[in-house]
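Below is one structure, written out as structure tokens; comments come after it.
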Amino acid sequence: TGHLVLFRRARIPTPPIGLWSIFLAWVLVTAFWALDLSEALQTAAQGMSLVLLLTLSAFLPTDEEDLNALRVALMVSAAAVGVYALFLVGSGANLPAHGVSQRLALRTEGSNPNILAASLLLPLVVSVERLVIGGTGGLSPRTWRTIGGSAAVLSLAAIIFTGSRGGIIASGVAIVLTLAYCARLPDGKKMVLHTLRGASLALLIALGIFFVASQIMPRTTERILSSEPVQRL
């Protein structure tokens with residue numbers, strides 16, 4: 001809002017914004033004959049804030065530099081969640097029943113692990129995309145791939161530790177679709193195959209490290225495998 005007032009330049013929102021507004025209006029109307037009016041209005045208020053944020057974002061003109069900044073913000077935020085999850089495991093702290101979502105949520109009662117897993121899907125997709133095709137705009141392609149690969153691993157680890165089975169399935173579908181669309185780009189198939197070879201090698205190395213760690217630190221490995229999120233999966 002401040003950007004629009006200060007620079008006085010905006011763009012006309014696209015038709016999906018109108019469709020989301022119609023959908024929000026219908027949700028607000030149906031809330032008045034819900035069995036629990038207060039709960040329905042509270043849920044509708046959450047949707048209203050998201051649609052409002054989407055609408056304000058649609059007014060802002062964007063260029064490639066803005067998209068790159070958004071990509072970096074998404075990847076860094078997801079990596080931070082993954083580092084926090086690994087820190088809990090490495091420090092011996094007990095993961096809550098619903099994984100890191102309960103630790104990060106403002107209200108721990110009734111927290112849903114699927115919500116955190118769903119919020120990490122977009123950062124995961126962006127990270128995989130940067131890992132495959134690299135990028136330009138302030139950073140070298142190698143740097144983009146390094147950031148994307150690290151964020152992809154950490155965000156996937158965070159999704160696993162939520163214990164969300166739906167999140168794991170959605171992550172697999174999202175990764176496959178991202179690779180499929182990247183393969184359509186010029187030299188995309190070559191980049192995808194190169195990424196898959198590197199990922200396979202990294203997976204074998206990770207499995208080897210885990211096997212060695214299980215022999216050296218059996219209690220830590222047992223604690224990880226017996227944790228509630230892993231057992232849910």
Side-chain angles (χ1 to χ4, degrees), residues 20 43 46-47 49-51 53-54 57 62 66-91 93-135 139 143-182 192 195-196 198-200 202-203 206 210 224-225 227-233:
W20 276 110
T43 304
Q46 296 176 0
S49 62
L50 294 175
V51 174
L53 179 61
L54 177 66
S57 300
T62 57
D66 297 326
L67 293 177
N68 285 335
L70 178 61
R71 290 187 180 102
V72 172
L74 289 171
M75 291 187 292
V76 170
S77 61
V81 177
V83 169
Y84 179 71
L86 293 176
F87 169 76
L88 290 179
V89 175
S91 62
N94 293 325
L95 285 171
H98 288 165
V100 294
S101 61
Q102 279 195 326
R103 292 293 183 90
L104 297 179
L106 296 178
R107 294 170 51 192
T108 58
E109 296 181 1
S111 62
N112 190 338
N114 299 318
I115 295 177
L116 179 60
S119 66
L120 291 171
L121 286 178
L122 178 58
L124 176 62
V125 167
V126 173
S127 301
V128 173
E129 178 209 23
R130 295 295 98 179
L131 173 62
V132 174
I133 67 177
L139 299 175
T143 302
W144 275 113
R145 291 189 177 95
T146 301
I147 297 175
S150 302
V153 172
L154 291 172
S155 58
L156 188 58
I159 293 175
I160 292 174
F161 283 118
T162 62
S164 171
R165 289 160 288 196
I168 295 296
I169 297 175
S171 299
V173 174
I175 291 175
V176 170
L177 289 177
T178 303
L179 294 177
Y181 280 108
C182 288
V192 169
T195 302
L196 291 176
S200 300
L203 179 60
F210 183 80
I224 295 175
L225 296 178
S227 62
E228 181 66 21
V230 175
Q231 291 298 316
R232 280 173 55 87
L233 297 176

Checklist outcome for this item: Sorted by chain and number, sequence neighbours left out, side chain to side chain contact (heavy atoms under 4.5 Å, CB included) with Leu120 holds for Ala78, Val81, Leu116, Ala158, Ile159

Checklist entry - Is the closest side-chain heavy-atom distance between Trp144 and Val132 below 4.5 Å? => result no

Checklist entry - Quick one: salt bridge (charged side-chain N to carboxylate O under 4.0 Å, His left out) pairs with a partner in residues 164-177, sequence neighbours left out? => result none

Item to check | Nearest atoms (heavy-atom pairs only) where Asn68 meets Arg130 | outcome: OD1-NH1, 4.4 Å

Next on the checklist: Once side chain to side chain donor-acceptor pair (under 3.5 Å) is applied, do any residues pair with Thr146, and if so which ones, sequence neighbours excluded?
Outcome noted: none

N/O donor to acceptor pairs below 3.5 angstrom from side-chain atoms of residues 170-180, sequence neighbours left out:
| unit_1 | atom_1 | unit_2 | atom_2 | d |
| --- | --- | --- | --- | --- |
| Ser171 | OG | Gly167 | O | 2.7 |
| Thr178 | OG1 | Ala174 | O | 2.7 |

Checklist outcome for this item: Those residues at least two apart in sequence (or on a different chain) that pass salt bridge (charged side-chain N to carboxylate O under 4.0 Å, His left out) with Arg71 are Glu64, Glu129

Item to check | Atom of Ile133, atom of Cys182 and distance for their closest heavy-atom approach | outcome: CG2-SG, 4.2 Å

Checklist entry - By side chain to side chain contact (heavy atoms under 4.5 Å, CB included), which residues pair with Ile147, not counting sequence neighbours? => result Met75, Leu139, Thr143

Checklist entry - Which value, rounded to the nearest 0.5 Å, describes the distance between Leu124 atom CG and Leu154 atom CG? => result 11.0 Å

Item to check | Minimum-distance pair of heavy atoms, taken over all atoms of Phe161 and Ala85 | outcome: CD1-CB, 4.1 Å

Checklist outcome for this item: Nearest heavy-atom approach of Ala151 to Ser127 is CB-OG, 3.2 Å

